[in-house]
Participant: 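Structure in structure tokens, see below.
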Amino acid sequence: QVRLAERGGGLVQAGGSLKLSCAASGRPISDYAMGWFRLAPGKEREFVATIDSNGGSTYYTDSVKGRFTISRDNAKRTVYLQMSSLKPEDTAVYYCTQANSHTGSAYAAAYAYWGQGTQVTVSS
């Protein structure tokens with residue numbers, strides 16, 4: 001059974017940084033794209049970033065480009081989301097996801113497995 005466990009959320013002031021990690025178990029992640037989504041109060045779930053299976057290609061939603069970086073360490077079965085220059089509008093629960101394909105997607109339906117989420121709160 002695939003399990004994804006996010007860590008690293010917390011409270012940070014605007015302009016600060018946080019690094020989320022997602023540890024996967026149940027199967028190696030080396031064959032699968034990984035992604036991050038977020039859910040803010042009163043809003044729909046939003047795609048944040050994705051990375052393909054070998055880490056050669058990444059894609060971000062426009063609002064985080066230049067501020068967030070997704071990366072992966074397949075040997076450690078871990079995916080990361082480095083978040084910098086955080087804004088109050090980045091406040092959300094962040095979810096790690098794993099696809100059943102090599103290539104990532106901005107669509108939630110492309111991801112078969114989801115973590116429980118980690119809260120990120122950015123104060124103004």
Side-chain angles (χ1 to χ4, degrees):
Q1 182 178 1
V2 174
R3 292 185 177 179
L4 303 174
E6 303 96 337
R7 296 182 63 183
L11 174 64
V12 64
Q13 288 189 334
S17 299
L18 280 175
K19 186 173 184 177
L20 306 183
S21 64
C22 170
S25 61
R27 67 179 184 180
I29 68 170
S30 54
D31 289 336
Y32 307 104
M34 304 290 292
W36 289 93
F37 285 73
R38 64 187 180 186
L39 181 62
K43 296 185 178 180
E44 294 186 353
R45 181 173 52 189
E46 178 188 27
F47 165 77
V48 177
T50 186
I51 185 167
D52 68 0
S53 60
N54 63 13
S57 179
T58 59
Y59 181 70
Y60 301 89
T61 191
D62 286 346
S63 64
V64 308
K65 284 180 181 177
R67 300 189 298 121
F68 291 11
T69 302
I70 188 172
S71 62
R72 63 192 295 156
D73 185 332
N74 286 345
K76 294 182 178 180
R77 300 190 183 188
T78 302
V79 178
Y80 304 95
L81 186 68
Q82 176 68 54
M83 305 184 294
S84 302
S85 301
L86 282 162
K87 304 175 181 180
E89 51 263 44
D90 294 318
T91 295
V93 177
Y94 283 71
Y95 296 90
C96 174
T97 63
Q98 184 179 102
N100 275 333
S101 63
H102 294 288
T103 304
S105 171
Y107 297 98
Y111 297 90
Y113 301 100
W114 294 74
Q116 293 298 308
T118 186
Q119 176 70 47
V120 172
T121 302
V122 184
S123 63
S124 57

Participant: Evaluate the side-chain proximity of Asp31 to His102: yes if any heavy-atom separation is below 4.5 Å, no if none is.
Facilitator: yes
Participant: Restricting to non-hydrogen atoms, name the atom on Ala24 and the atom on Leu4 that form the minimum distance, rounded to 0.1 Å.
Facilitator: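 The pair with the smallest heavy-atom distance is CB-CD2, 3.6 Å.
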Participant: With a cut-off of 6.0 Å (strictly less than), are more than 12 heavy atoms of other residues, nucleotides or ligands near CZ of Arg27?
Facilitator: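 More than 12 within 6.0 Å, yes.
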Participant: Are Tyr32 and Trp114 connected, step by step, through hydrophobic side chains (Ile, Leu, Val, Met, Phe, Trp, Tyr) whose heavy atoms are closer than 4.5 Å?
Facilitator: no
Participant: Between atom CD of Gln82 and atom CD1 of Ile70, what is the distance when rounded to the nearest 0.5 Å?
Facilitator: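 Answer for the CD-CD1 pair, Gln82 versus Ile70, is 12.5 Å.
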Participant: Determine whether Phe37 and Tyr111 make a side-chain contact, defined as any pair of heavy atoms from C-beta on separated by less than 4.5 Å.
Facilitator: yes
Participant: Any chance you could lay out the side chain to side chain contact (heavy atoms under 4.5 Å, CB included) test for Leu20 and Glu6, step after step, and finish with the verdict?
Facilitator: CA-CA 7 Å; Leu20 306 183; Glu6 303 96 337; over 6 Å; no
Participant: Are side-chain heavy atoms of Phe68 and Leu86 found at a separation under 4.5 Å?
Facilitator: yes
Participant: Hey, does Gln119 have a side-chain heavy atom less than 4.5 Å from the side chain of Thr91?
Facilitator: yes
Participant: Would you compute the distance between atom NZ of Lys43 and atom CD of Glu89 and round it to the nearest 0.5 angstrom?
Facilitator: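 Here the rounded value is 7.5 Å.
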Participant: State yes or no: do Val79 and Tyr113 share one hydrophobic cluster built from I, L, V, M, F, W and Y residues joined by side-chain heavy-atom distances below 4.5 Å, directly or via other members?
Facilitator: yes
Participant: Is Val2 reachable from Met34 through a run of I, L, V, M, F, W or Y residues, each pair having side-chain heavy atoms under 4.5 Å apart?
Facilitator: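 Cluster IDs for Met34 and Val2 match.
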Participant: How many angstroms lie between CE in Met83 and CG in Leu18, if you round to the nearest 0.5 Å?
Facilitator: 4.5 Å
Participant: Distance from Asp52 atom CG to Thr103 atom OG1, nearest 0.5 Å?
Facilitator: 6.5 Å
Participant: From Thr121 OG1 over to Asp90 CG, what is the distance, rounded to the nearest 0.5 angstrom?
Facilitator: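 It is 11.0 Å, given to the nearest 0.5 Å.
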Participant: To the nearest 0.5 Å, what is the distance between OH (Tyr59) and CD1 (Ile51)?
Facilitator: 15.5 Å
Participant: Kindly work out whether a path of hydrophobic side-chain contacts (I/L/V/M/F/W/Y, heavy atoms less than 4.5 Å apart) joins Val93 to Phe47.
Facilitator: yes
Participant: Please name the residue in the list Tyr80, Trp36, Tyr95 that meets the side chain to side chain contact (heavy atoms under 4.5 Å, CB included) test with Cys22.
Facilitator: Trp36
Participant: Are side-chain heavy atoms of Val64 and Arg38 found at a separation under 4.5 Å?
Facilitator: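 Yes, side chains in contact.
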Participant: Determine the minimum heavy-atom distance between Arg67 and Ser85, stating which atoms define it.
Facilitator: NH1-O, 3.0 Å
Participant: Looking only at heavy atoms, what is the nearest atom pair of Lys76 and Thr78, with distance?
Facilitator: O-OG1, 2.9 Å
Participant: Do Ser63 and Glu46 have side-chain heavy atoms sitting under 4.5 Å apart?
Facilitator: yes
Participant: Taking all heavy atoms of Ser105 and all of Ala110, pick out the closest pair and write down the distance.
Facilitator: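 Heavy atoms of Ser105 and Ala110 come nearest at CB-CB, 3.6 Å.
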Participant: Tell me whether Asp62 is salt-bridged to Lys65, with the criterion being a basic N under 4.0 Å from an acidic carboxylate O.
Facilitator: yes
